[in-house]
Peer 1: 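Okay, handing you the structure first.
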Number of protein chains: 4
Amino acid sequence: MPRAVREQQMLDAAVQIFGQRGYMAASMDEIAELAGVSKPLVYLYLNSKEGLFTACIRREATALTEAVRAGVRTDLPVDRQLWDGLQAFFAHTAEHPDAWSVLHLQARTHGEPFAAEVAAMRTEIVSFVTRLVAIAAREAHRDPDLAEREVAGFAEALVGAAESLATWANATEGVTARQAASTLMNVTWSGLGSLMRGHHWVPPAGED
Amino acid sequence: MPRAVREQQMLDAAVQIFGQRGYMAASMDEIAELAGVSKPLVYLYLNSKEGLFTACIRREATALTEAVRAGVRTDLPVDRQLWDGLQAFFAHTAEHPDAWSVLHLQARTHGEPFAAEVAAMRTEIVSFVTRLVAIAAREAHRDPDLAEREVAGFAEALVGAAESLATWANATEGVTARQAASTLMNVTWSGLGSLMRGHHWVPPAGED
Amino acid sequence: MPRAVREQQMLDAAVQIFGQRGYMAASMDEIAELAGVSKPLVYLYLNSKEGLFTACIRREATALTEAVRAGVRTDLPVDRQLWDGLQAFFAHTAEHPDAWSVLHLQARTHGEPFAAEVAAMRTEIVSFVTRLVAIAAREAHRDPDLAEREVAGFAEALVGAAESLATWANATEGVTARQAASTLMNVTWSGLGSLMRGHHWVPPAGED
Amino acid sequence: MPRAVREQQMLDAAVQIFGQRGYMAASMDEIAELAGVSKPLVYLYLNSKEGLFTACIRREATALTEAVRAGVRTDLPVDRQLWDGLQAFFAHTAEHPDAWSVLHLQARTHGEPFAAEVAAMRTEIVSFVTRLVAIAAREAHRDPDLAEREVAGFAEALVGAAESLATWANATEGVTARQAASTLMNVTWSGLGSLMRGHHWVPPAGED
DNA sequence: TATGAATGAGGGTTCATTCAT
DNA sequence: AATGAATGAACCCTCATTCAT
């Protein structure tokens with residue numbers, strides 16, 4: 001069997017085991033057995049447990065960003081772009097829960113070599129959202145400088161909320177990607193509208 | 001030295017090690033050494049690694065909810081209550097990053113005995129937020145039935161965003177609890193206002 | 001059983017296994033079994049295979065130099081001192097062949113951490129011999145400067161020959177320590193006498 | 001490429017790796033890669049790691065004895081023969097340090113199949129030296145019977161010293177083959193002269 | 001109340017070796 | 001004549017856990 005095919009089989013097995021057991025609790029034995037190969041072959045192709053894990057992260061990060069990108073048509077209005085992107089995101093994480101566990105939980109829980117890998121993906125998604133929000137702000141004729149700082153925090157909160165919802169949707173029966181996306185659009189996009197109209201929430205003065 | 005005191009020392013050490021190394025990578029040896037006691041004593045008091053970890057989760061979950069509760073005065077307006085609760089939440093997680101890592105990352109990454117433990121705390125916080133949102137909805141004279149379903153999703157998204165921001169604030173230099181809380185209030189509370197005034201975002205028809 | 005005693009048992013076993021199998025071929029399992037303890041205990045006390053091997057080298061190097069030192073009385077004539085030292089050396093290496101294999105073969109065959117350890121011992125022995133030869137030279141009224149360079153080469157050759165003879169005597173039936181020492185005294189001490197009387201062997205001229 | 005050529009390339013690589021890493025630490029992978037062939041080909045030609053190592057020993061043992069033999073002209077005086085033989089020996093071991101490591105260190109450190117192989121070579125060299133010493137003894141009109149026993153020990157010590165000096169010269173900067181040979185001639189051949197003239201060193205009586 | 005001494009079990013990694021082509 | 005693909009076995013090391021005191 002050609003090397004490339006075997007490698008994908010190994011990554012399939014590894015994502016499943018890493019996603020379910022966690023990085024440390026996963027054993028190379030179990031992964032090799034699930035992949036239907038011997039352990040030395042896994043080491044021959046992926047070098048080490050770290051190498052295998054990194055390869056998983058990279059493959060799944062690419063797959064997720066690819067899925068979101070494929071769901072969005074940049075010639076549509078920005079709110080529609082955000083809606084489509086969220087739908088694609090929630091659909092992909094729901095269809096690949098182990099991959100999502102690897103990216104969101106495992107990769108961030110086990111130190112630098114891995115956290116950096118997934119941070120790159122996150123940055124890409126955050127800047128996609130930032131761009132959408134910035135366009136919306138411009139369309140609303142907001143002061144660009146002021147908007148820029150707000151926009152960054154806004155995008156960060158939106159992506160964070162989306163990540164939380166994805167995990168929550170995976171863990172909760174009967175929550176569809178469409179519902180998750182809908183909730184998020186209502187909360188954030190409507191909020192964005194208010195912000196654009198100048199409805200800031202002003203913290204009480206004289207503290208901290 | 002009395003047992004209760006020793007136990008707290010052990011939990012202090014355990015939270016630190018679990019939070020920094022992760023549940024699996026933490027070794028009982030290291031925890032015992034940091035606590036300044038011998039390993040058998042740890043087993044005598046906490047029974048097992050699982051028992052120790054569970055005790056950590058319980059103590060820190062209680063401490064976090066207690067901190068939030070202490071920060072809120074129920075006789076103030078609801079938006080002020082949410083603001084105060086968020087400030088307390090972000091302040092506590094910033095002051096106890098290891099504890100937050102245990103609760104948010106480790107406990108959810110290592111399977112059922114622990115995930116359930118932290119889920120209870122989360123439920124408590126979500127219902128606190130749900131109550132606040134429900135009150136706001138009632139004050140805006142919204143249809144209560146409709147609101148209830150929306151309110152649940154809203155609260156879930158808000159708490160999820162808060163959790164993400166807490167981790168992000170811990171990892172990012174120069175982000176204060178006040179700033180994190182402010183960002184979140186602007187995004188969600190303003191959004192809530194829009195919702196209350198009926199500014200729903202309506203998904204495009206005929207899909208999925 | 002107290003730790004110090006167990007440690008010596010482990011070193012006894014390790015010297016035997018390392019001496020017979022060689023450093024790389026020796027397995028920690030076999031050493032632990034021969035010592036009558038479990039493998040983790042070996043690691044608890046000696047840290048690693050390298051640590052165990054280093055401890056063996058140190059113990060046996062000390063034992064060998066101690067044995068030679070104990071055999072020599074510095075108030076006797078120098079030839080008698082050399083004779084006694086050689087006898088002690090050959091007797092010790094014959095009684096502890098595994099230790100000699102560890103020091104002479106294994107430690108020098110497996111790289112720097114170990115080679116340096118045994119080099120220290122060798123230096124000590126070489127300088128002991130150098131001192132004896134230098135005294136003999138002085139007694140023969142030789143030019144000290146000239147002697148010094150010759151003396152170094154002489155001591156090196158003598159110690160090298162002794163090491164070779166020790167291994168050879170261990171491998172050959174019926175060669176006693178006394179015989180080995182006698183052979184070496186005849187070859188080298190008589191040669192030293194000739195040298196002292198100016199009987200150099202002069203190499204043929206005109207060659208590289 | 002013809003088999004004979006490939007085989008020599010493999011042995012070249014193997015001697016280098018075995019000499020530098022040691023027999024056990026050398027990996028067939030590394031040897032095959034250095035030889036520029038695939039691993040199965042090494043097995044096809046040399047059968048096993050043991051077979052490969054044995055072939056190395058045999059080739060290098062032959063090369064070394066051949067080099068010594070080529071350096072000696074049997075029609076010259078015996079001391080000149082010894083001098084020429086030593087020069088050839090030290091020159092060859094200096095030019096082929098990996099081969100010398102294989103013969104002197106590795107082959108003797110890893111048990112019977114290999115030790116026997118190199119013992120044969122050593123016997124050949126010892127008897128060459130023995131013959132030279134015996135001739136010198138006869139020329140000095142010594143009692144032949146007495147000489148024979150002495151001669152054996154003498155040759156053994158001389159060869160042992162030469163082996164030690166070869167390793168020492170390889171490890172020490174700036175020691176030439178000529179210097180090593182010169183040191184050894186001075187120590188032993190002068191000593192032999194003394195012996196021939198009856199200057200025995202007599203051990204102290206009444207011991208051991 | 002507290003610990004020094006000890007271990008069963010298992011994990012990551014490597015290696016000599018072979019088969020099918 | 002030569003190799004890509006694959007593995008059984010073994011090794012170093014660590015860890016959660018317990019006994020005897």
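Sequence lines set the chain letters: A, B, ... in the order given, protein chains first and strands last, and positions in each chain run from 1.
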Peer 1: If each of D:K39 and A:K39 is mapped to the nucleotide of DNA chain F with the nearest heavy atom, which maps nearer the 5' terminus, i.e. the 5' end?
Peer 2: D:K39
Peer 1: Tell me, which of residues 8-38 of chain B have any heavy atom that sits under 4.0 Å from an atom in DNA chain F?
Peer 2: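 DNA chain F contact set from residues 8-38 of chain B: B:A26, B:S27, B:M28.
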Peer 1: Report the residues that fulfil ring-ring contact (aromatic ring centres under 6.0 Å, His included) with C:Y45, sequence neighbours left out, ordered by chain and then residue number.
Peer 2: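 For C:Y45, no residue satisfies ring-ring contact (aromatic ring centres under 6.0 Å, His included) once neighbours in sequence are set aside.
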Peer 1: Looking at B:E33 and B:K39, is any side-chain nitrogen of the basic one under 4.0 Å from a carboxylate oxygen of the acidic one?
Peer 2: no
Peer 1: When B:W100 is tested against each of B:T167, B:N170, B:T93 for side chain to side chain donor-acceptor pair (under 3.5 Å), which residue passes?
Peer 2: B:T167
Peer 1: Does any residue of residues 45-52 of chain C have a heavy atom under 4.0 Å from DNA chain F, and if so, which ones, in number order?
Peer 2: C:S48, C:K49
Peer 1: Mind checking what makes side chain to side chain donor-acceptor pair (under 3.5 Å) contact with B:D12, not counting sequence neighbours?
Peer 2: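 Applying side chain to side chain donor-acceptor pair (under 3.5 Å) to B:D12 gives B:R59.
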Peer 1: Hey, which of these two, C:R6 or D:Y43, hits DNA chain E nearer its 5' end, going by closest nucleotide?
Peer 2: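 Result: C:R6.
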Peer 1: Quick one: does A:Y23's side chain get under 4.5 Å of A:K49's, heavy atoms only?
Peer 2: yes
Peer 1: For DNA chain E, what dot-bracket results from Watson-Crick or G-U pairs at under 3.5 Å, with [ ] for crossers and | for inter-strand partners?
Peer 2: .||||||||||||||||||||
Peer 1: I'd like to check the side chain to side chain contact (heavy atoms under 4.5 Å, CB included) partners of B:T65; sequence neighbours left out, ordered by chain and number.
Peer 2: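 B:T65 satisfies side chain to side chain contact (heavy atoms under 4.5 Å, CB included) with B:R69, B:M121, B:E124, B:I125 only.
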Peer 1: Within the supplied structure, the quantity of interest is the number of heavy atoms (other residues, nucleotides, ligands) at a distance under 6.0 Å from C:R21 CZ; does it exceed 12?
Peer 2: no
